[in-house]
Amino acid sequence: MSNVLDRIVDSTRREVEHRRSEIPLAQLERSLHGRGEDRPFAEALVHPGISVIAEHKRRSPSAGPIREGATVEEIVGSYERAGAAALSVLTERHHFGGSLDDLRAAKEAARLPILRKDFVVDTYQVYESAVAGADAILLIVAALEPRELARLHAEALALDLDVLVEVHDEPELEIALERVDADVIGINNRDLTDFTVDVQRTFELLADIPAGKTVVSESGISTRDQLDELERVGVDAVLVGEALMRADDVEAACRELTRLDDEL
Ligand SMILES: O=P(O)(O)OC[C@@H](O)[C@@H](O)c1c[nH]c2ccccc12
């Protein structure tokens with residue numbers, strides 16, 4: 001239990017126990033009925049051309065504080081105006097400074113589908129995501145036993161949540177394909193154990209993903225040239241956080257990636 005991912009998963013399990021003691025799962029389940037409208041996440045990624053999932057991230061273990069003081073509303077409003085296909089909102093508190101309040105604020109402020117970006121390791125979080133208004137959740141293969149992964153994946157689908165299944169290497173990809181039959185696969189270019197980033201990772205793993213899967217390249221992406229290259233090889237979407245959150249003009253930076261201005 002020494003790497004960063006293990007530590008984050010540990011603190012997440014403790015937080016979940018605390019939240020569960022305040023609001024039991026049965027109570028969450030009852031709140032599901034009042035759930036707001038569902039926005040299709042996976043579908044939003046498969047348009048012609050490469051889609052941009054724009055991420056709200058206050059800080060990260062590798063980058064430190066990113067854009068303190070900005071409001072969720074202004075960030076996601078910029079992303080929406082700039083033509084992002086979907087939003088990702090980091091809700092992990094200790095290492096990323098996020099919360100489910102950020103997700104709820106994003107849902108209010110924009111009409112785009114929303115991915116809850118967190119370390120989901122417990123059924124409780126799946127229900128919590130649905131109740132908070134997430135349209136999709138992330139499941140990280142490296143953070144879960146294959147059996148737990150398959151169970152959480154099925155539970156999410158049963159609640160009409162789409163799932164982005166995140167892999168970083170061949171053995172993880174095999175689990176995502178064989179054990180889970182994931183429809184939407186995220187290739188994380190960042191190694192969550194040491195934070196090194198290498199976009200080549202996407203090109204390497206892509207070769208082993210069968211046709212018909214939706215593929216998202218995650219992390220370390222900042223330029224339109226990178227998007228062009230990824231589009232050429234058939235990647236459906238990119239997930240971009242830091243490069244957008246750090247930009248002087250968030251909307252302009254996002255437009256540059258979505259090519260919104262080219263289509264006008
Ligand atoms: O800020 P970047 O380098 O554009 O990366 C975004 C996203 O891929 C990254 O935040 C991420 C990918 N997988 C994760 C899992 C947990 C937390 C964060 C992440």
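FYI, side chains are in, hydrogens and waters are out, and symmetry mates aren't considered; it's all heavy atoms of this structure. Each ligand, and each atom within it, is numbered from 1 in the order the structure gives.
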Heavy-atom nearest neighbour in the protein, as seen from atom 8 (O) of ligand 1, with distance rounded to 0.1 Å: S219 OG, 2.7 Å
Ligand-side contact atoms (ligand 1) for residue partner V240, heavy atom cut-off under 4.0 Å: 4 (O)
Distance-only side-chain donor-acceptor flag, H18 / E15, under 3.5 Å: no
Side chain, backbone, both or neither: M245 near ligand 1, heavy atoms under 4.0 Å: neither
Ligand 1 atoms in contact with L239 (distance to a heavy atom under 4.0 Å): 6 (C), 7 (C), 8 (O)
Nearest-0.5 Å distance that lies between atom NZ in K57 and atom CG in D102: 14.0 Å
Per-residue contact class, L244 against ligand 1 - non-hydrogen pairs under 4.0 Å: neither
Side-chain donor-acceptor contact under 3.5 Å, N188 with S219: yes
Ligand 1 to F119 polar contact by distance, N or O atoms, under 3.5 Å: no
Over 12 non-hydrogen atoms of neighbours within 6.0 angstrom of CD in E108: no
Side-chain H-bond candidate by donor/acceptor type, D194 with T196, under 3.5 Å: yes
Interfacing atoms of ligand 1 (cut-off 4.0 Å, heavy-atom, E242): 1 (O), 2 (P), 4 (O)
Sub-4.5 Å side-chain heavy-atom contact between E55 and E242: no
Contacting atoms of ligand 1, where contact means under 4.0 angstrom from a heavy atom of L138: 15 (C)
Heavy-atom pair with the smallest gap, counting every atom of F203 and E229: CZ-OE1, 3.7 Å
Distance from atom 10 (O) of ligand 1 to nearest protein heavy atom, with residue and atom: E55 OE2, 2.6 Å
Residue part near ligand 1, for E166, under 4.0 Å between non-hydrogen atoms: side chain
Atoms in ligand 1 with a heavy atom of G241 nearer than 4.0 Å: 1 (O), 2 (P), 4 (O), 6 (C)
Nearest neighbour of atom 7 (C) of ligand 1 from the list H56, E218, K117, R190, on a heavy-atom basis: K117
Side chain proximity check, N189 to S217, heavy atoms < 4.5 angstrom: yes
No-hydrogen, no-angle side-chain donor-acceptor test under 3.5 Å, S99 and D101: no
Salt bridge (Lys or Arg N to Asp or Glu O under 4.0 Å) pairs, two or more places apart, involving residues 155-176: R151-E155
Close-contact set for ligand 1 against I140 heavy atoms, below 4.0 Å: 15 (C)
Ligand-side contact atoms (ligand 1) for residue partner G220, heavy atom cut-off under 4.0 Å: 2 (P), 3 (O), 4 (O)
For ligand 1, the portion of V197 having any non-hydrogen atom under 4.0 Å away: neither
